[in-house]
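Every chain is numbered from 1, with letters handed out A, B, ... down the list of sequences.
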Amino acid sequence: MRKYFGRKIFVYALTFFAAVTINWMIPRFMPGDPVQSRLARASLSNPEASQAMRDYYNSVFGLDMPVWQQYLNFWGSLFKGDLGVSIWLFPTPVTEVIMDAVPYSLGLLLPAILLSWVIGNKFGAYAARSKWLDNTVLPVGYVLTATPYMWLALLLAWSLGIVGGFFPSSGAYSFALRPEFSWVFVSSLLEHWFLPFLSLFLVSLGGWAIGMRNMIIYELESEYANYLQALGAPRRLIRRYAFRNAMLPQLTGLAVQLGTVVAGALLTEIVFSYPGLGFLILQAIQNQDFFLLQGVFLFIVAGVLIANFIIDIVYVLVDPRTRIQMQGGAK
Amino acid sequence: MSLKVSDLRVYYRTLRGDVRALDGPAFTLADGEIMGLAGESGSGKSTLGKSLIRLDGRMKYVGGAVELDGDEVPVWDDRKMNDFRYKRISLIPQYAMSAMNPTRKIGRMTAELLESRGVRFREVREELNRRIELVGLDVDVLDRYPIELSGGMKQRVVMVLSTLLNPSLLIADEVTSALDVSTQRAVAETLVEFRDRRFVKSMIVVTHDISLVYQIADSIMVMYAGRLAEKAPARTIIEAPRHPYTKMLISALPEVGVKYAEKRLTGIPGSPPGLLDPPKGCRFRARCPLASEECEEQPPFVEVERDHYVACWKAE
Amino acid sequence: MTAAQPLPDPATSPDAPVPALPEAPKREALYFALRNPKLLIGLGIVLAFLVTGILGPFFLSPDPNARIAPPGLPPSGEYWFGTTQFGQDIFTQFVYGIRATFLVGILGGVVAAVIGMAIGFVAGYKGGWVDEILNMITNVVLVLPTLAVLFILVAYMDSRGVMMQSFFIGLTSWPWAARAIRSQALSLSSRDFVDLARLSGVRTWKIIVRDIAPNMSSYLFMTLILLFGGAVLAAAGLDFVGLGPTDGTSLGLMMHQAVKWGALQLGVWWWFVPPGLGITAIVGSLYVMNVGLDEVFNPRLREM
């Protein structure tokens, strides 16, 4: 047990380390000193921000210090939760800007990921049942999978939002409202949430359906399935086993796909001006707010790593084989 | 008479046409008989074994009939076959080591399988425990996952599982090929014991290992290129074979008890004919030292003495 | 992993045992290829786009961003896909965009395939601590959210070209391919003919190039197709947030412009529908083609 999780945690720690290092290195070693040039531009567009920027810049990137010292300082301020000050929303600290956006992103991502996984798996399992279903689910699945996230978002925003007028297509809640715990506000929140959610959900759905369909076909050809068929077990029982066993690689697939879905969420938020992390990225890029951009990046990496670890734990809980091997009970 | 197979034809569908893997064997199996079914790979022995319980997707029933205890067995109808499967005809597969669902406890899988076949698990539970202990396992294997058992243990569990409903006919498909020599013997002896205790009425043991099957079988049937070559009591096959192919097969055995590898027999020049478009007449003709003109006609599978059947013009 | 979704390859299910693909004889493969509707339809659509992307620009204005028409015209006989708010011809942009899409897909796909193959082959063939280390690296890059890394990488570049973009995409999208190739190479490296080569003292890279790679060429080709699709989607994502090539145009950039200049609110649907449709059609056809190829090369999946 300790060895299994020890290994996983080591990889995640290594990944986080790599991400932080990339984050530190890129602005530092890019040709043409992009930080300086961006600072210069930023101070033109937002003069009051420039002093704060320079302070942070000097403490983290301080060029008079040796490189290793700069690197350690970067980690030091990271552990203090100091990611600098946002230029776009000066003088709000980056951490605060991000914290305001995280709930919106999570609110989109969690339901979209979980529901598309569950429902996609069900569709895929049905598809493996008959030629006819297979020939419908498969092409639809591939088209959905090949759809760029932002394009489906645009289509939905335009058709159901602007032309149809069924749902609002921009923002997280009506401009006329202030955040509060009231029926009006919550319903406005849900209305605005629906289209971005639907878009993210649909694109992810196809991939899971295809994955499950292929895994089920693989499982139905396995030897235990053959044996059960030879003993006259009904298709229902065999399919139940196949479905359950196919869920395990799909769970691993979920971990692998997380990064992609998160990226999809970022793009979807941009289309709907939904104030999550993706929207922040767009603002950061447009406002040359590189501290914000880097902060968002670190948050996304950390989030993906934590989610990966949760999936690892769930996997151990549902797969008896891993559990038994970990207890050393295998012969 | 337990099993009667007449002129059973099962072909494999391929791109270039039908491969006549099983081309009309006819034989009977007596109550309580353990028959070894031997032959090279591609002789049709596995196809025969499979045909009696479940045709796989590429296999096509072409003709012939199978009768078990007086009832017609609808081998061509996958759905109707379910009435026979497990309850009257059962199988110990070649892949016994991986025949159990890896994510279910063995006992639970067994219960679900039995219930799905309309058998109350509670009613057979005691018998199951008894038989698990009979094959030298502890009853608590039922609370384990397959991965927790060794290969030999899994093999024994599957043997018990397959025969739990006391089928009339058991097909054991290469059950010993994945095991080491001492386990092979134990498995073979267990098969005999199952027959002696009337867990199964009769048995077809498909194998490429004549020397092993000789120790347990009452009779041995030899197949060649989709057809029957010879069937006789085990001792007769080993000591007085009549078909030239059987003779070569036996003389190629290093000595009884030593396993020979499943590959082309070194002692017999040539190879079996392709079954896509097999030559007319006796299919062993091209490799047979005794072949003559009359062999251009297929010899019938006839009883040359009591319980000894041969398909060869030269066997008299 | 880039924007490629779970596909019919073992990559998305790394724990599932991967059977070494039995390679069908060439003639037989061709026979099935010519009778596989998925392969033929997919290939047909991809080729149609490819030809459009290669030849189209020769018949159109040399500058896709030139303002040559009245602004905001809906599709018509003269302007097939209509015009933008700046009077650019959307069809011209679309055709140039297809060209850029194929360029990114091929370059990004090849870079990722080269890295993935190098790491996958060496890890699978060498085993031992080499495998351990390469596996570790693969896992690290695998869990990093690719697009987010690309945002950071690309955001700091002052001038961006298609080449640079493809290179970065390739650099971040290889891990799943490396994993899949590794498990295939692993099963091949225990075969007799590889043992024989090893025993007779043939050099590692030579064994990989001569004995292992040709035996999984169909698998490698399918991997390349998936990487191509992934690169196209990743590039579209980058372009869409405004980190696309600073010169020329691309399908992603068209969507970026459309959103930036309020095509949604103005109802100029012909601005953002064609580029997305183009990407979906190209990538979707590639995926469907891949399923067809899988059926051709993998006899188990054929319908008899």
Side-chain angles (χ1 to χ4, degrees), chain A residues 11-12 14-15 18-19 22-23 26-27 30 32 34 138-139 142-143 145-151 154-155 157-158 162-163 169 206-208 210-211 214-215 218 221 248-250 252-253 256-260 262-264 266-267 270-271 281-282 285-286 290 293-294 297 300-301 304-305 308, chain C residues 1-8 11-16 136 139-149 151-153 155-158 176 229 233-234 236-237 240-243 252 255 258-259 263-265 267 269 272-273 275-277 279-288 291 300-301:
Chain A
V11 169
Y12 297 148
L14 203 65
T15 310
I22 291 175
N23 219 357
I26 288 174
M30 273 286 177
L138 204 61
Y142 276 112
V143 169
T145 300
T147 308
Y149 280 96
M150 59 280 185
W151 189 57
L154 283 169
L155 290 185
W158 177 63
I162 287 162
V163 177
S169 62
W208 297 124
I210 293 167
N214 292 328
M215 286 316 302
Y218 177 83
E221 282 175 357
L248 298 170
Q250 285 288 87
T252 317
V256 173
Q257 283 297 309
L258 271 177
T260 310
V262 170
L266 302 180
L267 298 171
I270 291 174
V271 172
I281 285 186
L282 183 72
I285 290 171
Q286 286 179 352
F290 52 92
L293 187 61
Q294 295 198 314
F297 170 72
I300 291 173
V301 171
V304 168
L305 292 182
N308 261 288
Chain C
M1 185 124 186
T2 59
Q5 303 274 323
L7 282 160
T12 47
S13 50
D15 291 350
M136 196 71 87
N139 281 337
V140 166
V141 184
L142 188 69
V143 274
L144 276 179
T146 312
L147 203 64
V149 177
F151 284 156
I152 292 285
L153 272 174
Y156 279 104
M157 305 187 40
D158 281 322
W176 70 264
L233 291 177
F240 181 70
V241 295
L243 295 175
M255 282 189 270
V259 170
L264 262 183
Q265 289 73 24
W269 53 268
F272 58 81
V273 169
L277 195 61
I279 293 175
T280 309
I282 293 173
V283 177
S285 306
L286 279 171
Y287 287 170
V288 170
V291 181
R300 260 181 353 134
L301 299 175

**Item:** Heavy-atom proximity to chain C below 4.5 Å, by part of A/I281
**Value:** side chain

**Prompt:** Where does A/V304 contact chain C at under 4.5 Å (heavy atoms): side chain, backbone, both or neither?
**Reply:** side chain

**Prompt:** Nearest heavy-atom pair of C/G284 and A/A146: which atoms, and what distance?
**Reply:** N-CB, 3.1 Å

**Request:** Identify which part of C/L277 has an atom lying under 4.5 Å from any heavy atom of chain A, answering side chain, backbone, both or neither.
**Result:** both

**Side chains of C/V259 and C/F240 in contact at under 4.5 Å (non-hydrogen atoms)** = yes

**Prompt:** Which of the residues A/L14, A/V163, A/L305, A/L154 is involved in the greatest number of heavy-atom pairs with chain C at under 4.5 angstrom?
**Reply:** A/L154

**Complete:** Taken to the nearest 0.5 Å, the spacing of A/F297 CZ from C/L144 CG works out to 6.0 Å

**Prompt:** Checking A/I162 against chain C: side chain, backbone, both or neither under 4.5 Å from a heavy atom?
**Reply:** side chain

**Item:** Atom of C/L147, atom of C/A234 and distance for their closest heavy-atom approach
**Value:** CD1-O, 3.8 Å

**Asked** Which bit of A/L138 comes within less than 4.5 Å of chain C, counting heavy atoms only: side chain, backbone, both or neither?
**Response** side chain

**Message:** So, taking the atom named CZ in C/F272 and the one named CG in C/L264, what distance separates them when rounded to the nearest 0.5 Å?
**Reply:** 5.0 Å

**Request:** Could you check which of C/L243, C/V288, C/V143 has the highest count of heavy-atom pairs closer than 4.5 Å to chain A?
**Result:** C/V143

**Item:** Portion of A/L293 that has a non-hydrogen atom of chain C nearer than 4.5 angstrom
**Value:** both

**Message:** For C/N139, give me all partners under side-chain hydrogen bond (donor to acceptor under 3.5 Å, both in side chains), at least two apart in sequence or on another chain.
**Reply:** C/R179

